[in-house]
S.K.: 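Okay, here's the structure, questions in a sec.
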Amino acid sequence: MAKISAPPNTPVWVDDSRCKACDLCVSLCPSGTLAMQLGSEYVLGKIARVIEPESCIGCNDCELHCPDFAIHVAEKEEYKFAKLTPESKARAQKIKDNRFMML
C-alpha cells in the first residue's frame with residue numbers, strides 16, 4: 001500500500017468522500033482540532049472538519065480509530081505538532097458538550 005503524504009503544512013486532513021459522520025474522530029480528539037460541520041450535502045447531514053489545525057498534537061487517535069480510513073495525520077517528520085494546552089483541552093470539552101458540533 002502506498003504511503004499517503006500530507007498536504008504541505010497540514011497536520012491532519014479529512015477525505016470527504018470516505019467520511020460517514022460517525023463522530024468517532026471528534027469524540028477522541030483531546031485538543032479540539034476536529035468538529036462536525038452541518039451540511040445537507042453530507043451523509044447524515046454532517047461531516048468531520050479540521051477546525052483548529054495548529055492545535056493538533058499528532059496523537060493519531062482520530063486516524064487509528066476511523067472505521068472508514070477517512071482521516072489522516074501527518075508523519076512526525078512532516079509537521080511540527082503542538083503541545084496539549086489548557087485552552088485546547090477546554091475547546092475539546094466544549095465541542096464534546098456541544099454533541100461534537102462546531103462551536
Side-chain angles (χ1 to χ4, degrees):
M1 179 179 229
K3 179 184 170 195
I4 298 173
S5 295
N9 204 29
T10 304
V12 59
W13 66 101
V14 178
D15 180 346
D16 291 357
S17 68
R18 299 186 68 92
C19 179
K20 68 176 183 190
C22 69
D23 297 335
L24 193 53
C25 59
V26 179
S27 72
L28 294 169
C29 182
S31 63
T33 299
L34 305 168
M36 300 305 292
Q37 179 183 29
L38 293 175
S40 60
E41 66 274 21
Y42 305 127
V43 175
L44 300 178
K46 59 186 178 177
I47 196 165
R49 285 287 176 240
V50 178
I51 60 166
E52 294 285 339
E54 64 281 350
S55 295
C56 183
I57 62 172
C59 67
N60 285 336
D61 283 350
C62 56
E63 181 177 17
L64 293 172
H65 290 90
C66 179
D68 299 301
F69 307 101
I71 192 154
H72 307 281
V73 178
E75 297 292 326
K76 302 276 187 221
E77 305 82 41
E78 296 176 299
Y79 189 84
K80 182 165 175 37
F81 292 97
K83 301 274 189 229
L84 191 58
T85 65
E87 294 82 16
S88 62
K89 284 182 184 179
R91 183 178 49 254
Q93 188 58 53
K94 286 179 185 175
I95 291 168
K96 289 172 181 145
D97 292 345
N98 196 36
R99 296 183 356 208
F100 310 119
M101 299 307 296
M102 286 183 170
L103 301 174

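Everything numeric in this text was worked out from a predicted model, so none of it was measured.
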S.K.: Calculate, to the nearest 0.5 Å, the distance between atoms SG and NE2 belonging to Cys25 and His65 respectively.
M.R.: 11.5 Å

S.K.: Counting heavy atoms not belonging to Lys76, are there more than 12 under 6.0 Å from its NZ?
M.R.: yes

S.K.: Assigning hydrophobic clusters by single linkage (Ile, Leu, Val, Met, Phe, Trp, Tyr; side-chain heavy-atom cutoff under 4.5 Å), is Leu103 placed with Leu28?
M.R.: no

S.K.: Are Ile95 and Ile51 close enough, and set up right, to give a side chain to side chain contact (heavy atoms under 4.5 Å, CB included), and what steps lead you there?
M.R.: CA-CA 11 Å; Ile95 291 168; Ile51 60 166; 3.6 Å; yes

S.K.: Is any side-chain heavy atom of Arg49 closer than 4.5 Å to a side-chain heavy atom of Asp16?
M.R.: yes

S.K.: Within this structure, what is the CD-CZ distance for the pair Glu52 and Arg91, rounded to the nearest 0.5 Å?
M.R.: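 That separation rounds to 4.0 Å.
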
S.K.: Under the criterion side chain to side chain contact (heavy atoms under 4.5 Å, CB included), I'd like the reasoning laid out for Leu44 against Lys20: C-alpha separation, chi angles, the key distance, then a yes or no.
M.R.: CA-CA 7 Å; Leu44 300 178; Lys20 68 176 183 190; 6.0 Å; no

S.K.: Identify the two heavy atoms, one from Ala74 and one from Tyr79, that lie closest to each other, and give their separation to 0.1 Å.
M.R.: CB-CB, 4.0 Å

S.K.: In Å and rounded to the nearest 0.5 Å, what is the CG to OG distance from Leu34 to Ser55?
M.R.: 10.5 Å

S.K.: How long is the straight-line distance from CG of Asn9 back to CD of Glu54, given to the nearest 0.5 Å?
M.R.: 10.5 Å

S.K.: In Å, rounded to the nearest 0.5 Å, how long is the span from SG of Cys19 to CG of Asp68?
M.R.: 8.0 Å

S.K.: Hydrophobic clusters here meaning ILVMFWY residues chained together by side-chain heavy-atom distances under 4.5 Å, can you tell me if Ile57 and Val73 are in one?
M.R.: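 Different hydrophobic clusters.
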
S.K.: Identify the residue among Met36, Lys96, Gln37 that makes a side-chain contact (heavy atoms from CB on, under 4.5 Å) with Met101.
M.R.: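 Going through the options one by one, the only one that passes is Met36.
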
S.K.: Is it true that Arg99 and Asp23 make a salt bridge, defined as a side-chain N closer than 4.0 Å to a carboxylate O?
M.R.: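 No, Arg99 and Asp23 are not salt-bridged.
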
S.K.: How many angstroms lie between atom CD of Glu63 and atom CD1 of Ile71, to the nearest 0.5 angstrom?
M.R.: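 That separation rounds to 8.0 Å.
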
S.K.: Say whether Val14 and Phe100 are linked into one hydrophobic cluster, either directly or through other cluster members, by side-chain heavy-atom distances under 4.5 angstrom.
M.R.: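 Yes, one cluster joins them.
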
